[in-house]
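Worksheet: the structure to be examined is printed underneath.
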There are 2 protein chains.
Amino acid sequence: MKTNETATQLLDAAQSLIQERGYNAFSYKDLAATVGIRTASIHYHFPSKSDLGVALMERYVQDLTGALAAIDQKTRSSKSKLKSFIKLYTETERRGAICLCGSLASDRETLPPSLQKAIAQYLQQSERWIAEKIQEGVKHGELGFRGKPADAAATLLSSLQGGLILSRARGGGSLLTTVQRVFFETLEAA
Amino acid sequence: MKTNETATQLLDAAQSLIQERGYNAFSYKDLAATVGIRTASIHYHFPSKSDLGVALMERYVQDLTGALAAIDQKTRSSKSKLKSFIKLYTETERRGAICLCGSLASDRETLPPSLQKAIAQYLQQSERWIAEKIQEGVKHGELGFRGKPADAAATLLSSLQGGLILSRARGGGSLLTTVQRVFFETLEAA
DNA sequence: AATAGCCTACCTAGTAGTAGGTACGCAATC
DNA sequence: GATTGCGTACCTACTACTAGGTAGGCTATT
């Protein structure tokens, strides 16, 4: 098998496992079983577990950048852009998973600094993008929010990340639909 | 040393470790080092790690029940009750920790069912209490919120739990102050 | 004398990671 | 066009260590 293929499979498997169980609750053994190679061979692609984690977050940040660009391109109104963003989270919720970054952030204190940085970067990028869209929406009279866009952005991201965790703890249901509704009630209160 | 004393010390140490690092990232060895006994002796108090986890969540639920009762007793207005509730979280934030229950909820899929139930109970109890206060506030004309109190309650709890995680990922600052501000802006938009 | 609380000494299973080797493909050289 | 040399992608077998957990003994209190 080609390097990239196996490496990609390993990243995919690791991502699923982290989103389902957490960074400290998966092993190279789990990965090996999923991909169909031996644990030792994983070290060829990712010398250490934290190397794998860093690679995973790098890919995740890239995916985010791509997803945000796609939203910006194909959607016009700020409100529908924000809805598309939230949809990224409701899809994760439907899978019964939590955000890779949220999962890693929970385990933050046990992770190497390089991973901690990647986590912060992902969240910061998300937050900034949300704040931009809110600001635009307010500017164009689409949204009637009088507070600071950055405040609403931080709150939305918090409630999405937390919402995923609580949703799973509830054992199902669409908590994020509720979060979205409340969020737009806040923004549209004119 | 008396049983209760050691057991309490073990619970305290375990709680700190879980709030800092997560359930799967602490061991009886860590506990033993903190409390000053051998790992084997911990099994005398808590035969298995999940027994410890369950005992911990039971205590945490009791603490919550007590805290909510105390708030209900000493505070009059719904708004200040909600503020007192949020203060429980800002104190956790200041310690650089996350909620015990939120931490366990992140690791949910790796935990025994008894613990999963305890987590759900804690969150449900919190959510119900918040919803009650919002409903009261609206009824007494204190809060001008037109949506469902249960929706706002679920959203607030999500943003508090998520906020604790994001705040730590940021490496400081008072994100929850922002969350609180946005929350009351939502509630008071009349 | 019984019991509570902790100990030493051990177990099994699993962890990340390493050492050394094999099979194979792809170039450059003869 | 066969040979040499090197890189890739994987393997088996192992190391050193940690995990939670158990058996049985010692000691101080009751």
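Chain naming here is simple, since letters A, B, ... match the order of the sequence lines and numbering starts at 1 in each. For clarity, every value in this text was computed on a predicted model and none was experimentally measured.
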- B:F26 near the nucleic acid: base, sugar-phosphate alone, or nothing, with a heavy-atom cut-off under 4.0 Å? sugar-phosphate

- Query: Just checking B:S27: base, sugar-phosphate only, or nothing, at a heavy-atom cut-off of under 4.0 Å?
  - Reply: sugar-phosphate

- Message: Taking 4.0 Å as the cut-off, does a side-chain nitrogen or oxygen of B:H45 come that near to OP1 or OP2 on C:dA4?
- Response: no

- Query: Given D:dC10, is OP1 or OP2 found less than 4.0 Å from the side-chain N or O atoms of A:T6?
  - Reply: yes

Atom [atom1] of [X] and atom [atom2] of [N]: how far apart are they, to the nearest Å?
X     : N      : atom1 : atom2 : answer
A:R38 : C:dG21 : CZ    : P     : 20 Å
B:K29 : D:dA19 : NZ    : P     : 6 Å
B:L31 : D:dG20 : CG    : P     : 9 Å
B:Y44 : C:dT3  : OH    : P     : 12 Å
A:L17 : C:dT15 : CG    : P     : 12 Å
A:Y28 : D:dT15 : OH    : P     : 21 Å

Out of [options], whichever nucleotide has its closest atom nearest the side chain of [X]:
X     : options                : answer
A:H43 : D:dG20, C:dC6, C:dT18  : C:dT18
B:S41 : C:dT15, C:dT8, C:dC6   : C:dC6
A:A40 : D:dG21, D:dA19, C:dT18 : C:dT18
B:I37 : C:dC7, C:dA16, D:dG21  : C:dC7

- Do the ring planes of B:Y28 and B:H43 sit parallel (below 30°), tilted (30 to 60°) or perpendicular (above 60°)? tilted

- Query: Where does the angle between the aromatic ring planes of A:F85 and A:Y89 fall among parallel (under 30°), tilted (30 to 60°) and perpendicular (over 60°)?
  - Reply: tilted

- With rounding to the nearest 0.5 Å, note down the distance linking OG in B:S158 to CG in A:L166. 4.0 Å

- Task: Could you verify whether a donor N or O on one side chain and an acceptor N or O on the other, from B:T65 and B:Q125, lie under 3.5 Å apart?
- Result: yes

- Query: Can you list the steps and then say if B:K79 with B:E188 is a salt bridge (charged side-chain N to carboxylate O under 4.0 Å, His left out)?
  - Reply: CA-CA 10 Å; B:K79 192 176 166 180; B:E188 287 162 0; 2.6 Å; yes

